[in-house]
Q: 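Just passing along the structure, written as structure tokens.
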Amino acid sequence: MQWEQVKDWLSAARSIAVLTGAGISAESGIPTFRGEGGLWRNFRAEDLATPQAFARDPLLVWEWYAWRRELIARAEPNPGHLALAALEPRIPEFHLITQNVDGLHDRAGSRAILKIHGDLWDLRCTRCQRQWTDRSVPLVELPPRCECGSIARPGVVWFGEGLPPCVWEQARRAASGCQLLLVVGTSAVVYPAAGLAPLAKSAGAKVVEVNVGDTPLSDLADVTLRGPASEILPVVCG
Ligand code: BV8
Ligand code: ZN
């Protein structure tokens, strides 16, 4: 049975990397980007998560992020997040690479998190570049302002923007150095993140995909476990 096979690989591996996407937070009630319910006021994420959208209408973009912050503040990590946090201390070399900006892996207790798309609880000044964390829900004012008076932006990576170089380099190193890459809840359409699985594979890692449906990575994976992350991860990581 494939789950047993993955369970054995996970308990024997010295170095494991995990790549997570919006699907791992779906069962915490956070809508995914491309699934049903991924829309907000009939906008698509690709239309709002861009520097152009923010330059055109910073208040609209901030209303979207404020809505997500409120949703996430009410959400809890689910058994999928918790299973990855419980697995981490048992593996000598463990990296959790996430595309998610919701902070649920931190709240689940994970430590070695590489946030390649940033964190929606971080803010960055559009002028003096000061960066700080603001967990207030609701935010005091929209758009939020820096002490220098300029408006702040969410501390996330938008489409068309480069990933934080240091974090991205660590993610590439984790993917190319691991024996096993676990890809959980991502549609594998966003680059360069989606390139981590082929990178791991070409470096000799086993690739296991956990997803409710097929993705462009499914053929490349050594094993695909079909089903919700909150059911599969506690079993295979347990
Ligand atoms: C870059 C942060 C270059 C913000 C995000 C044209 C113009 C400009 C750029 C491009 C272009 N064409 C291509 C590109 C590149 C672009 C890209 O890949 N576009 C895609 C759409 C084609 N990439 C970029 O722009 C990146 N930057 O290339 O810069 C550059 C380089 C140097 C210097 C300057 C520039 C930046 C990409 C990062 C964008 N930011 N998020 C925010 O969150 O607000 S991406 C966004 O999509 C989220 O981070 C999300 O995580 C990510 C990927 O989505 P998924 O996580 O996979 O979620 P999705 O909904 O798609 O899928 C959910 C999956 O879960 C599904 O498979 C579903 O089946 C599964 N699922 C559902 N429920 C469950 C489940 N699985 C398990 N259990 C369940 N219960
Ligand atoms: Zn400032």
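This structure is a prediction, so every number in the text was calculated from the model and none was measured. All ligand and atom numbering here is 1-based and tracks the order in the structure.
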Q: Atom 36 (C) of ligand 1: protein heavy atom closer than 4.0 Å?
A: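 Protein heavy atom within 4.0 Å of atom 36 (C) of ligand 1: present.
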Q: For ligand 1, which atoms, with element, lie under 4.0 Å from some heavy atom of G185?
A: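 In order of number, 63 (C), 64 (C), 65 (O), 76 (N).
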Q: Taking the Zn ion (ligand 2) as the vertex, what is the angle from SG of C125 to SG of C128, given to 10 degrees?
A: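 An angle of 110° at the metal.
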Q: Where the side chain of E88 meets the backbone of A112, is there a donor-acceptor pair that is under 3.5 Å apart?
A: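 Indeed, once roles are kept as given, a pair shorter than 3.5 Å links the two residues.
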Q: Is E46 reaching over with its side chain to a backbone N or O of F159, donor-acceptor style, under 3.5 angstrom?
A: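 Looks like no, no N/O pair under 3.5 Å.
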Q: Check whether any N or O atom of V157, backbone or side chain, sits under 3.5 Å from an N or O atom of ligand 1, and answer yes or no.
A: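 Between V157 and ligand 1, an N or O pair is found under 3.5 Å apart.
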Q: Are L123 and I72 connected into the same hydrophobic cluster when the rule is that any two of I, L, V, M, F, W, Y join if their side-chain heavy atoms are below 4.5 Å apart?
A: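 Hydrophobic grouping puts I72 with L123.
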Q: Taking only heavy atoms of N100, which atoms of ligand 1 are found under 4.0 Å from at least one of them?
A: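 Within the 4.0 Å cut-off of N100, ligand 1 contributes 51 (O).
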Q: Where the closest heavy atom to atom 27 (N) of ligand 1 is concerned, which of E209, E231, Q99, E161 has it?
A: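 Comparing heavy atoms across E209, E231, Q99, E161, the nearest one to atom 27 (N) of ligand 1 lies in E161.
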Q: Could you list which atoms of ligand 1 come closer than 4.0 Å to a heavy atom of Y65?
A: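 Those of ligand 1 that fall under 4.0 Å from Y65 are 4 (C), 42 (C), 44 (O).
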Q: Checking a contact table here: which protein heavy atom is nearest atom 28 (O) of ligand 1, and how many Å away?
A: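 Heavy-atom neighbour on the protein nearest atom 28 (O) of ligand 1: Y191 O, 4.0 Å.
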Q: Nearest protein heavy-atom contact for atom 80 (N) of ligand 1: which residue, which atom, what distance?
A: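 Sorting protein heavy atoms by distance from atom 80 (N) of ligand 1 puts E27 OE1, 2.7 Å first.
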Q: Can you tell whether the side chains of E161 and R153 come within less than 4.0 Å, N to carboxylate O?
A: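 Salt bridge flag = yes for R153 with E161.
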Q: What class does the angle between the rings of F54 and W158 fall in, given that below 30° is parallel, 30 to 60° is tilted and above 60° is perpendicular?
A: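 The arrangement is tilted - the two ring planes meet at 30° to 60°.
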Q: If only side-chain N and O atoms count, and only distance matters, is there a donor-acceptor pair under 3.5 Å linking R56 with T50?
A: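 Side chains of T50 and R56: no pair found under 3.5 Å.
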Q: Would you indicate which of F33, W64, W168, W158 comes nearest to atom 46 (C) of ligand 1 when only heavy atoms are counted?
A: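 That would be F33.
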Q: So, for V210 and G227, which heavy atoms are closest and what is the spacing to 0.1 Å?
A: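 So the two residues come closest at CG1-O, 4.2 Å.
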Q: Counting from 1, what ligand 1 atoms have a heavy atom of G21 closer than 4.0 Å?
A: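 In order of number, 56 (O).
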Q: Compare H117, R68, Q52 and give the one whose heavy atom is closest to atom 42 (C) of ligand 1.
A: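 Shortest heavy-atom distance from atom 42 (C) of ligand 1: R68.
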Q: Say whether, by atom type as modelled, one donor and one acceptor occur between the side chain of R135 and the main chain of A73 under 3.5 angstrom.
A: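 Answer holds: no.
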Q: How far is atom 32 (C) of ligand 1 from its nearest protein heavy atom, and which residue and atom is that?
A: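 Closest protein heavy atom to atom 32 (C) of ligand 1: G162 CA, 3.8 Å.
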Q: Can any side-chain N or O of W132 pair as donor or acceptor with the backbone N or O of R124 at less than 3.5 Å?
A: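 Flag not set: sc W132 to bb R124 has no pair under 3.5 Å.
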Q: Given the protein's heavy atoms, is any one of them under 4.0 Å from atom 14 (C) of ligand 1?
A: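 No, there is none.
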Q: Can you tell me the protein heavy atom closest to atom 9 (C) of ligand 1 and the distance?
A: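 Looking only at protein heavy atoms, the one closest to atom 9 (C) of ligand 1 is G160 N, 4.0 Å.
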Q: To the nearest 10 degrees, could you say what angle the Zn ion (ligand 2) makes with SG of C148 and SG of C146?
A: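 The SG/SG angle about the Zn ion (ligand 2) sits at 110°.
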Q: With no hydrogens and no angle check, do the side chains of H81 and S25 hold a donor and an acceptor under 3.5 Å apart?
A: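 Yes, because at least one side-chain N or O of H81 sits under 3.5 Å from a partner of the opposite role on S25.
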Q: Considering non-hydrogen atoms of the protein only, which is the closest contact for atom 75 (C) of ligand 1, and what is the distance?
A: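 Scanning the protein heavy atoms, the shortest distance from atom 75 (C) of ligand 1 goes to G23 CA, 3.6 Å.
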Q: Quick one: look up the protein heavy atom nearest atom 22 (C) of ligand 1 and list residue, atom name and how far away it is.
A: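 Ranking protein heavy atoms by distance from atom 22 (C) of ligand 1, first comes V189 O, 3.6 Å.
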Q: One residue to check: V101. Relative to ligand 1, which of side chain, backbone, both or neither has a non-hydrogen atom less than 4.0 Å away?
A: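 V101 to ligand 1: side-chain contact only, backbone stays beyond 4.0 Å.
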Q: Please list the nearest protein heavy atom to atom 78 (N) of ligand 1 with its residue and the distance rounded to 0.1 Å.
A: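 Answer, as residue, atom name and distance: A229 N, 2.9 Å.
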Q: Salt bridge or not between D122 and K115? Use side-chain N to carboxylate O under 4.0 Å.
A: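 Between K115 and D122 there is no salt bridge, as every charged N stays at least 4.0 Å from the carboxylate O atoms.
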Q: For atom 56 (O) of ligand 1, which protein heavy atom lies nearest, and how many Å away is it?
A: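 In this structure, atom 56 (O) of ligand 1 has A22 N, 2.7 Å as its nearest protein heavy atom.
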Q: Tell me whether R172 contacts the main-chain N or O of L196 through its side chain, where contact means a donor paired with an acceptor under 3.5 Å.
A: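 The answer is no, because no donor-acceptor pair under 3.5 Å joins these two groups.
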Q: If you count the atoms of ligand 1 from 1 in the order shown, which ones are under 4.0 Å from a heavy atom of T32?
A: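 Listed by number with element, the hits are 60 (O).
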Q: Given R68 and D102, is the salt bridge (charged side-chain N to carboxylate O under 4.0 Å, His left out) satisfied, shown in steps?
A: CA-CA 8 Å; R68 291 170 68 190; D102 56 32; over 6 Å; no
Q: Does the protein come close to atom 53 (C) of ligand 1 - that is, does one of its heavy atoms sit below 4.0 Å from that atom?
A: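 So atom 53 (C) of ligand 1 has protein heavy-atom neighbours under 4.0 Å.
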Q: Using a 4.0 Å cut-off to any heavy atom of A26, which atoms of ligand 1 qualify?
A: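 Those atoms are 73 (N).
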Q: Are V101 and V137 grouped together when hydrophobic residues (ILVMFWY) are joined by side-chain heavy atoms under 4.5 angstrom apart?
A: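 In one cluster with V101: V137, yes.
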